[in-house]
Each structure stands twice: as structure tokens, then as C-alpha cells.
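Notes for the one structure printed next.
FYI, side chains are in, hydrogens and waters are out, and symmetry mates aren't considered; it's all heavy atoms of this structure. Note that the coordinates shown come from a computational prediction; the quantities given were computed from them, not determined experimentally. All ligand and atom numbering here is 1-based and tracks the order in the structure.
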Amino acid sequence: MFTNRQLFLQYLGQTSPSPLMLEIERAEGVYMYGPSGEKYLDLISGVSVSNTGHCHPKVVSAVRKQAETYMHLMVYGEIIQAPQVKYAEYLSKFLPENLGCCYFVNSGSEATEGALKLARRFTGRSKIISFRNSYHGSTFGALSVQGSEQFRGAFRPLLPDSFQALFNDSDSLNLIDDKTACVIIEPVQGEAGIIFPENGFLELVREKCTETKSLLIFDEIQTGFGRLGHMFAIDRFRVIPDILLLAKALGGGMPLGAFISSPEIMSSLMSDPPLGHITTFGGHPVCCAAGLASMKVLTEENLADNCPAKSILFRQNLKHDLILEIRGEGLLLAVELAGPEYVSYVIAKAPEYGLVLDYFLFCNSSFRIAPPLTISNKEILWACGQLTRLLDDSKKNVIKK
Ligand SMILES: Cc1ncc(COP(=O)(O)O)c(C=O)c1O
């Protein structure tokens with residue numbers, strides 16, 4: 001009889017030579033549990049997915065109810081399904097007026113693909129601008145606008161007519177011109193190690209897009225659903241895009257993505273040719289039911305509003321001479337250490353300290369802290385104590401290169 005560990009290595013496609021290999025039997029709230037009762041405090045939420053915690057009873061109940069009512073009926077866009085329309089309506093209450101038309105897909109990458117196609121179709125232009133160190137997904141279109149040559153170079157040729165500007169560099173916005181279909185940007189760069197826009201950068205991007213009639217796409221796949229202490233980064237920065245991308249926490253733990261725009265822009269996928277973007281499972285009713293229940297929990301439990309105080313608690317209690325800086329707001333934090341070797345050690349050893357941590361894709365000198373927003377003050381204090389002990393351990397045992 002093979003162990004799950006052996007089956008994992010033998011039968012699953014792997015993404016790296018050194019997977020974390022933590023076996024989890026169940027998860028509840030902010031905790032994940034191993035097969036022998038090991039208990040881990042989840043400090044990453046499956047990368048900003050489980051904002052309302054694992055298996056929130058209201059989300060589980062919505063999933064159960066919908067699974068017993070109907071699951072898949074028909075490809076997206078043909079049949080009226082209550083979970084889809086109710087969720088789209090609820091989302092619109094939290095978004096600016098021009099973002100009232102929602103196209104559901106299955107993932108963040110697919111939301112990116114749909115939005116890029118929509119922008120090209122609506123403007124009749126082909127040029128796409130993205131930013132160095134951005135991450136928008138792993139499919140070909142998304143990879144083409146991803147900002148790391150290390151990750152995309154091996155897959156060339158990529159989508160033509162796509163160019164990269166520098167985040168927080170106003171000069172490089174000259175790339176945006178009247179041939180530009182769209183500019184895609186994360187309002188806060190996540191995988192770059194939580195980089196905030198400075199000196200009105202988002203406002204400048206907005207102005208340049210308006211001036212050139214290019215569409216502005218905000219990728220809020222990681223910043224959405226309360227993570228920054230606001231429901232969306234749009235509320236934090238008060239800059240309104242033409243298209244919004246959502247995924248991750250959108251599904252409350254189930255796979256769901258969306259690109260959202262105005263009915264006028266969205267309608268360009270409807271004709272010449274019709275079926276401009278189609279998906280079998282996009283907006284799956286069980287995923288929409290889960291997402292809607294989770295978003296209602298976010299608002300009922302004031303999870304976004306409580307985020308800033310929790311952020312401060314982390315910052316006040318995470319002091320160590322290996323920590324050079326803590327970047328971020330709300331519960332989207334990057335802890336910058338004295339070198340990448342400390343980061344690797346801390347992440348690999350975290351389970352021994354009862355914690356789950358993770359890397360950023362493009363910043364090897366920081367680890368992320370992005371727990372479920374339901375984390376309590378007591379749990380934060382415990383996590384900070386464990387992290388301090390873990391940093392002491394790494395100071396003693398890491399040999400700095
Ligand atoms: C900002 C951002 N955009 C897009 C994606 C891609 O989402 P998915 O992995 O669901 O395709 C991610 C995933 O990490 C992300 O952080």
C-alpha cells in the first residue's frame with residue numbers, strides 16, 4: 001500500500017523539484033490539520049483565497065444546498081442560473097457604476113485572457129501594456145503580460161504587440177498611446193513582494209488611458225475581498241478601471257474567476273463574431289453559491305474593516321534583527337529578511353513551528369503573511385511568537401552566503 005506522499009510524487013505533475021509536501025487531512029477556520037493530528041496555522045490562505053477561513057459553515061451550507069439543487073446545466077451564458085445572477089447583482093453593489101456587468105470564468109488566468117480579448121475587441125487595437133514584475137496568470141495570454149522574463153522567456157514566442165512599462169515609473173507610461181488597446185495592472189503588485197503604487201502612479205495610469213482611449217484593466221485577483229482593509233483596492237486608491245479582474249477569494253474556496261466591465265464594453269463579445277468568449281464551466285453554480293455566501297460573511301462579520309487593526313498587531317509583534325522591513329497593508333504583508341537563504345529556511349521549517357508560510361514568485365528575500373481575515377488577535381500573537389522563535393532558529397542555523 002502506497003502512502004499519499006508516494007502517490008503524490010508518482011502520479012501528480014509537479015511544479016518544482018522541491019514541493020512543500022505537507023499532507024493535510026482537513027481544514028477549519030484558520031487551521032489545517034495533518035493525518036496524525038498536526039495542527040498548522042494558515043498564514044497564507046491558499047494564496048489569498050480563504051479570506052473567510054476554511055470551511056466556513058455558511059459557505060459549506062451554501063455549497064451543499066446548491067449541489068443538491070443542481071450542478072452543471074449548460075455552458076456559461078445560455079441558461080438563467082440563480083447563483084450566477086444573484087452573485088453578479090450582489091457584487092455590483094460594491095463596485096462603481098461602470099463595473100456592473102460580470103462575465104464569470106473559472107480562474108484568474110482565464111479572467112485575464114477574457115479581459116485582454118475584450119479590450120482588443122472593443123477598441124479594435126492590438127497593443128497591450130503591462131508592468132515589470134506583475135503576475136496575471138500562467139496561460140499564454142496571461143504569461144505574455146506577466147512581468148518576469150525568468151518565468152516567461154522559455155515559452156517564447158508569446159503574444160505579439162505586448163510591452164512592459166515599469167511600475168511606479170511615470171516616464172515609462174509614454175508607452176501608452178493611441179494604438180494601445182489596454183493597460184493591465186495590479187493596483188498593488190502581489191508576487192513582486194507587495195509593492196504599493198507611489199506618488200499618484202495609479203492616477204497617472206488612469207489619466208494616460210483616458211487620454212489615449214485605452215482601456216484600464218485592474219487585476220484585483222489578490223487584493224480583492226477585504227485583503228487590504230477595503231472590499232477592493234478601487235476603494236483604497238479611488239481610481240476606477242474600465243475592466244476589473246477577480247478570482248481567488250471570489251469563489252470562497254471554490255474555483256471561480258470573473259472579468260467585470262460596463263454592459264457597453266462587454267457587449268462587444270456578443271457579435272461579429274458571436275460567442276467571442278465562451279466557457280463550459282465558468283460561473284459554475286456551486287462556485288457562485290459558495291462565493292456569494294463567502295462575500296456575505298465578509299460583510300456581515302466586518303472582516304475588511306477589522307483588517308487594519310490586525311495588520312498593526314502583526315507589525316507591533318514582529319520585531320527581529322533579521323527583519324529588514326514589513327511591506328503592505330491590511331492582511332497582505334511581505335516580511336523582508338536579511339537574505340533569501342533565511343527566507344528559504346523559514347518557509348521550509350515553518351510547519352515544525354505550527355505555521356504555513358509561502359514565497360513570492362518574484363521576490364526571494366521576503367515571505368508572505370496573508371492569513372484568513374477571520375484570524376483572531378490571540379492567534380496573531382501566537383503566530384508572531386512562533387515566527388520570532390523560527391527567526392531565532394534561522395539566525396543560529398543559516399550559513400549566510
Ligand atoms: C494578481 C494575480 N493575477 C492572476 C493570478 C492567476 O490566477 P489563477 O492562478 O487563478 O489563474 C494570480 C494568481 O496568483 C494573481 O495573484
Side-chain angles (χ1 to χ4, degrees), residues 13 15-16 44-51 103-119 128 130-148 151-152 155 159 162 164 167 182-197 202 216-228 232-234 236-237 241 243-260 277 279 281-284 287-288 290-291 294 327-334 357-363 366-370:
T15 54
S16 82
I44 55 173
S45 316
V47 189
S48 304
V49 169
S50 321
N51 287 14
Y103 192 115
F104 284 118
V105 288
N106 302 283
S107 67
S109 300
E110 277 181 72
T112 302
E113 299 292 334
L116 297 178
K117 284 172 65 185
L118 178 62
I128 298 172
S130 60
F131 291 85
R132 187 86 52 83
N133 285 335
S134 59
Y135 185 72
H136 302 291
S138 224
T139 51
F140 259 107
L143 192 65
S144 305
V145 293
Q146 191 216 95
S148 163
F151 284 88
R152 62 190 200 141
F155 300 98
L159 205 60
S162 47
Q164 278 183 353
F167 196 77
C182 62
V183 176
I184 179 166
I185 189 167
E186 294 164 89
V188 173
Q189 287 199 317
E191 294 309 313
I194 316 300
I195 308 297
F196 266 64
L202 292 179
L216 176 58
I217 305 173
F218 266 13
D219 179 343
E220 285 226 42
I221 287 167
Q222 200 153 167
T223 53
F225 297 96
R227 205 137 276 284
L228 295 177
F232 297 108
I234 290 177
R236 161 70 177 82
F237 298 109
I243 305 177
L244 175 69
L245 309 186
L246 299 176
K248 291 195 184 280
L250 173 70
M254 298 290 278
L256 189 63
F259 54 102
I260 301 180
H277 193 76
T279 159
F281 285 122
H284 191 283
C287 304
C288 285
S294 180
R327 290 183 298 275
E329 280 180 19
L331 289 175
L332 187 59
L333 300 173
L357 295 174
D358 196 21
Y359 292 94
F360 290 104
L361 275 176
F362 313 139
C363 176
S366 301
F367 65 86
R368 84 175 76 223
I369 294 188

Side chain to side chain donor-acceptor pair (under 3.5 Å) evaluation trace for E191 with Q222: CA-CA 9 Å; E191 294 309 313; Q222 200 153 167; 3.2 Å; yes
Contact residues of ligand 1 (heavy atom under 4.0 Å), by chain and number: S107, G108, S109, Y135, H136, G137, E186, D219, I221, Q222, K248
Side-chain H-bond candidate by donor/acceptor type, T279 with N106, under 3.5 Å: yes
Basic-acidic side-chain contact under 4.0 Å: E329, R227: no
Plane angle bin for F259 and Y103 - parallel if under 30°, tilted between 30 and 60°, otherwise perpendicular: parallel
Donor-acceptor contact below 3.5 Å, side chain S134 vs main chain F131: yes
Verdict with reasoning, F232 to F225, per ring pair (Phe, Tyr, Trp, His ring centres under 6.0 Å): CA-CA 6 Å; F232 297 108; F225 297 96; 5.2 Å; yes
